[in-house]
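The structure appears below as structure tokens.
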Amino acid sequence: MSKEIVLSGIRPTGFLHLGNYFGALRNYVRMQEDYECYFFVANWHSLTTHPDTKELQHSVHRVIAENIACGLDTTKAALYVQSDVPEIAELYLYLNMLAYKGELEKTASFKDKVRSNPENVNAGLLTYPVLMSADILIHRALYVPVGKDQEQHLEMARNFAERFNHRYGEVFPLPKAFNYNSELVKIMGLDGNGKMSKSENQMATIYLADEDDVIRKKIMKAKTDSGPTAPDSEKPDYIQNLFTLMKLVSTEEVYNQFDANYNGCSIRYGDFKKQLAEDMANFIKPIREKAADIQNDKLFLSKVIKEGADKARESASKTLHLVRAVINMNY
Ligand code: TYM
């Protein structure tokens, strides 16, 4: 029986961080065992914000290296760069005819970008969710492992797929956002403000490339308070966030101990953060070191990128063949 198809991608707009790990990479590594997986670096998407393209090239290599360092096995999953798969651009063109200006203007990520950078409201930014849908639908993917911030984009991908199927003929399954623990994840910044992100407050973001000392410093500065005043109180979101991180990197015993201390109102945040900082540094160190090694091995990187592109194009061209057939574009 053929396996169900999974796709996901990451924009190379900065260093990867724990939010990316939790929302996306951790699931990729598990999913590659059971599904036919396609993971990619979304470099076309990065152009919507006009970065320096020399730096972008470097970031693409780093994101590929970080994916592998986190456990992605390129003999199991296809790992590729978006711009190496021109079939995506053709599907993007067809889907653009099914996307309406009004709905694109209402997208939360578009409104955020317009607010933060009113000088650069380009058409690529407006149609970002259409390109993202093409990324997913080009492999006829069913599951898309992403963090909570991508939920609306996934809803739009389902709408576009449904419209396409309705107008031209059944080609696409309707893709779903995926997380192993059913709820999509949102990791907050360590300052308790908004989500951890590649470009916002760097002191509130733990990057997979951070050195041990930097990790310690950031965690010791994380927002806490004077502690719970009644037993078994609900944790404020910024404290819950630190516990979520502890669950990822510490042993169950350590986690349970601090959780019990919290519930019994005896938690000392200084000790809690010290433990979290040590465990986090131990967790990130091998990823950081492996990613650095891979990044220096240009030959290996280009081999991986070429093999990924070949696998992705094989799947993409099959889909495009079906798409052209139902649109009557075969002459
Ligand atoms: P990007 O590059 O912003 O983020 C990559 C992945 O990391 C997740 N993520 C988070 N999860 C939890 N907490 C956070 N603080 C956090 N920050 C980021 C994101 O949800 C994402 O899964 N539009 C996408 C890239 C993309 C894509 C696609 C994804 C392009 N085409 C097709 C899936 C399918 C983006 O900007 O992700």
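Every number for a ligand or one of its atoms is a count from 1 in the order of the listing. As the structure is a computational prediction, the values presented were derived from the model and not from experiment.
- Of all the atoms in ligand 1, the ones that sit under 4.0 Å from a non-hydrogen atom of Gly23 are 11 (N), 12 (C).
- Within ligand 1, counting atoms from 1 as listed, the ones closer than 4.0 Å to a heavy atom of His17 are 17 (N).
- Ranking protein heavy atoms by distance to atom 13 (N) of ligand 1, first place goes to Ile187 N, 2.8 Å.
- Taking each heavy atom of Asn67 and Leu25 in turn, the nearest pair found is OD1-CD2, 3.2 Å.
- If you look at Asp135 next to ligand 1, the close heavy atoms, those under 4.0 Å, all belong to the side chain.
- Here the closest non-hydrogen pair linking Gly192 and Met188 is O-CE, 3.2 Å.
- Counting heavy atoms closer than 4.0 Å to ligand 1, residue Tyr128 contributes side-chain atoms (C-beta onward) but none from N, CA, C or O.
- The closest approach between any non-hydrogen atom of Lys148 and ligand 1 is not below 4.0 Å.
- The backbone N or O of Asn179 lies less than 3.5 Å from no partner atom in the side chain of Asn27, so there is not a single donor-acceptor pair.
- By the 6.0 Å contact criterion, CD on Glu33 is enclosed, its count of non-hydrogen atoms from other residues, nucleotides or ligands being greater than 12.
- Heavy-atom contacts of Val144 reach the following atoms of ligand 1: 33 (C), 34 (C) (cutoff under 4.0 Å).
- Ligand 1 has at least one atom lying under 4.0 Å from a heavy atom of Ser8.
- Remark: Glu103 engages Arg163 in a salt bridge, criterion side-chain N to carboxylate O under 4.0 Å.
- In this comparison of Leu18, Val146, Asn20, the heavy atom closest to atom 5 (C) of ligand 1 sits on Asn20.
- Close contacts of ligand 1 with Lys195, meaning ligand atoms under 4.0 Å from a residue heavy atom, involve 15 (N).
- Neither the backbone nor the side chain of Trp44 has any atom closer than 4.0 Å to an atom of ligand 1 (non-hydrogen atoms only).
- Ring pair His139/Tyr35: centre-to-centre distance not below 6.0 Å.
- Using a 4.0 Å cut-off between heavy atoms, His45 contacts ligand 1 through its side chain alone, with no backbone atom that close.
- What sits closest to atom 1 (P) of ligand 1 on the protein, heavy atoms only, is Lys198 NZ, 3.5 Å.
- Atom 28 (C) of ligand 1 has Met132 CG, 3.4 Å as its closest protein atom, hydrogens excluded (heavy atom only).
- Numbered from 1 in the order shown, with element, the atoms of ligand 1 that lie under 4.0 Å from a heavy atom of Lys186 read 12 (C), 13 (N).
- With a 4.0 Å cut-off on non-hydrogen atoms, Ile136 touches ligand 1 through its side chain and not its backbone.
- When heavy-atom distances to ligand 1 are checked against a 4.0 Å cut-off, Arg11 comes that close through both its backbone and its side chain.
- In summary, the atoms of ligand 1 found under 4.0 Å from a heavy atom of Leu7, numbered by their order in the structure, are 32 (C), 34 (C).
- Ranking protein heavy atoms by distance to atom 29 (C) of ligand 1, first place goes to Gly9 O, 3.4 Å.
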Problem set entry | Pair Thr127-Tyr92, side-chain contact (heavy atoms from CB on, under 4.5 Å): steps then yes or no | CA-CA 9 Å; Thr127 56; Tyr92 171 51; 2.7 Å; yes

Exercise. Taking it one step at a time, do Asn201 and Asp191 satisfy side-chain hydrogen bond (donor to acceptor under 3.5 Å, both in side chains)?
Worked result: CA-CA 9 Å; Asn201 186 359; Asp191 56 0; 3.1 Å; yes

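- Taking a 6.0 Å sphere around CD of Glu55, one finds it holds 12 or fewer heavy atoms contributed by other residues, nucleotides or ligands.
- Only the side chain of Asp149 comes within contact range of ligand 1, with a heavy atom under 4.0 Å; no backbone atom does.
- By the criterion of a heavy-atom distance under 4.0 Å, neither the backbone nor the side chain of Thr13 is placed next to ligand 1.
- In this structure, CZ in Phe110 is found 13.5 Å from OH in Tyr128, a value given to the nearest 0.5 Å.
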For this session: Take Asp112 and Arg115 through the test salt bridge (charged side-chain N to carboxylate O under 4.0 Å, His left out) and record every step on the way to the result.
Result: CA-CA 5 Å; Asp112 282 352; Arg115 223 174 292 127; 3.3 Å; yes

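- The heavy atom nearest to atom 24 (C) of ligand 1, considering only Gln150, Met188, Gln82, is found in Gln150.
- Counting only heavy atoms of the protein, atom 10 (C) of ligand 1 lies nearest to Gly19 O, 3.3 Å.
- Each of the atoms 14 (C), 15 (N), 17 (N) of ligand 1 lies under 4.0 Å from some heavy atom of Met196.
- Set against the non-hydrogen atoms of Ala24, the atoms of ligand 1 under 4.0 Å away are 6 (C), 7 (O), 22 (O).
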Exercise. Please walk me through it: do Ile305 and His61 pass side-chain contact (heavy atoms from CB on, under 4.5 Å)?
Worked result: CA-CA 9 Å; Ile305 289 173; His61 285 158; 3.8 Å; yes

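- Atom NZ of Lys54 has 12 or fewer heavy atoms from other residues, nucleotides or ligands within 6.0 Å.
- Within 6.0 Å of the NE2 atom in His50, the count of heavy atoms belonging to other residues, nucleotides or ligands exceeds 12.
- The two residues Arg140 and Leu322 have their closest heavy-atom pair at CZ-CD1, 3.7 Å.
- Atom 12 (C) of ligand 1 has Val185 O, 3.2 Å as its closest protein atom, hydrogens excluded (heavy atom only).
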